[in-house]
Amino acid sequence: MNRPRARNALGNVFVSELQEALARLREDQQVRVLLFRSCVKGVFCAGADLKEREQMSAAEVGVFIQRLRGLMNEIASTAVMGLIETTRGLLPGAGGTQRLPRCLGVALAKELIFTGRRLTGAQAHTLGLVNHAVGQNEEGNAAYHRALALAQEILPQAPIAVRLGKVAIDRGMEVDITSGMAIEGMCYAQNIPTQDRLEGMAAFREKRPPKFVGK
């Protein structure tokens with residue numbers, strides 16, 4: 001993301017460009033891992049573009065929030081972070097009131113949203129809101145390098161199994177445990193006939209690294 005004058009704030013054009021990029025990447029079978037990175041030093045994303053939103057009608061705001069919510073369903077964000085909308089006379093509208101309590105529990109989510117409190121990376125890590133917190137380097141891209149290292153851990157794994165595992169987790173979190181187990185079973189069944197599953201079993205038997213091909 002590279003919108004320095006607006007600190008990568010999410011406006012109509014920016015959101016459209018991100019959605020178009022995601023749509024293209026979703027159809028690219030060669031893409032195994034996707035990293036979202038800010039090219040603006042010292043900031044990842046300032047949230048919604050409030051200057052642009054101020055010029056919108058109520059109907060336009062509603063449409064924009066729906067698009068933004070859809071975008072946030074596709075990606076997730078993370079030094080200093082928070083849902084600060086209540087400090088601007090707003091409330092989180094891109095899914096924050098739903099995602100945060102699922103991550104941290106209702107009581108803590110209410111505290112953070114009601115106060116508009118900002119968290120440091122270390123605090124977010126302690127709460128379990130982010131997986132990793134890293135010290136910044138001179139180039140200002142320490143988080144990118146940690147994300148890249150994580151991507152390199154994911155890349156060797158069976159792509160279909162990874163993809164179906166993501167589906168099972170994401171969809172299972174939206175339903176009760178019994179329904180979630182059924183979703184897992186359906187995803188597991190889809191993986192059974194894959195070439196990669198047979199390769200994984202053969203590699204284990206032959207005591208060699210597997211060579212997954214995504215089929």
Side-chain angles (χ1 to χ4, degrees), residues 15 18-37 44-45 65-78 81 83 92-109 112-113 124-133 143-144 146-206 208-215:
V15 168
L18 282 172
Q19 288 177 322
E20 290 168 6
L22 285 170
R24 289 194 302 271
L25 291 167
R26 193 181 296 111
E27 301 302 319
D28 189 342
Q29 296 301 311
Q30 299 302 309
V31 174
R32 300 276 291 275
V33 182
L34 176 63
L35 301 183
F36 270 86
R37 179 188 182 188
F44 180 72
C45 176
I65 289 298
Q66 282 293 113
R67 294 177 62 220
L68 193 56
R69 191 175 294 129
L71 178 64
M72 292 302 110
N73 284 337
E74 298 283 345
I75 63 176
S77 74
T78 253
M81 60 190 309
L83 295 175
T97 63
Q98 302 305 303
R99 292 189 184 87
L100 196 61
R102 284 168 169 78
C103 289
L104 303 180
V106 171
L108 187 52
L112 293 176
I113 290 173
H125 183 251
T126 298
L127 292 174
L129 191 56
V130 298
N131 289 359
H132 306 280
Y144 167 71
R146 182 65 188 90
L148 193 60
L150 180 58
Q152 289 168 341
E153 287 186 68
I154 297 172
L155 277 175
Q157 316 315 326
I160 297 175
V162 170
R163 183 164 64 248
L164 289 171
K166 181 181 178 182
V167 170
I169 293 169
D170 288 349
R171 294 186 180 174
M173 285 301 293
E174 298 173 354
V175 298
D176 61 85
I177 185 67
T178 301
S179 301
M181 294 296 282
I183 291 171
E184 182 187 272
M186 288 186 288
C187 290
Y188 192 88
Q190 291 180 54
N191 191 64
I192 289 293
T194 63
Q195 182 178 326
D196 280 348
R197 184 188 71 86
L198 298 176
E199 165 63 13
M201 296 298 99
F204 176 77
R205 185 175 61 253
E206 297 164 11
R208 61 171 175 81
K211 297 179 180 178
F212 298 122
V213 295
K215 297 181 180 179

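Start at 1 with the first residue, then count along the sequence. What's counted below: heavy atoms across the whole structure, side chains too, no hydrogens, waters or symmetry copies.
- Across Leu164 and Gln190, no two heavy atoms sit closer than the pair CD2-OE1, 3.7 Å.
- A heavy-atom distance below 4.5 Å is not found between the side chains of Ile169 and Lys166.
- Between the side chain of Arg32 and the backbone N or O of Gln157, at least one donor-acceptor pair lies under 3.5 Å.
- Taking each heavy atom of Pro159 and Phe212 in turn, the nearest pair found is CD-CB, 4.0 Å.
- Leu22 pairs with exactly one of Arg24, Gln19, Arg26 by the side-chain contact (heavy atoms from CB on, under 4.5 Å) rule, that one being Arg26.
- The local environment of CZ in Arg197 is crowded, with over 12 non-hydrogen atoms from other residues, nucleotides or ligands closer than 6.0 Å.
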Check: residues 175-188 side-chain donor-acceptor pairs under 3.5 Å, at least two apart:
residue, atom, partner, partner atom, Å
Asp176, OD1, Thr178, N, 3.1
Asp176, OD1, Ser179, N, 3.0
Asp176, OD1, Ser179, OG, 3.4
Asp176, OD2, Ser179, OG, 3.0

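- Just one of Val162, Leu155, Leu150, Leu148 meets the side-chain contact (heavy atoms from CB on, under 4.5 Å) condition when paired with Val33; it is Leu155.
- Scanning for salt bridge (Lys or Arg N to Asp or Glu O under 4.0 Å) contacts around Glu206 gives Arg208, with sequence neighbours left out.
- Between Arg146 and His132, the closest heavy-atom pair is NH2-CE1, 3.1 Å.
- Here CG of Asp196 is found 11.0 Å from CE of Met201. Values are rounded to the nearest 0.5 Å.
- Residues Leu100 and Leu129 have side chains in contact (heavy-atom distance under 4.5 Å, counting atoms from C-beta outward).
- Contact between Leu104 and Leu127 at its shortest, heavy atoms only, is CD2-O, 3.3 Å.
- The two residues Pro210 and Gly200 come nearest to each other via the heavy atoms CB-CA, 4.5 Å.
- Phe44 and Phe36 get closest at one heavy-atom pair: CE1-O, 3.7 Å.
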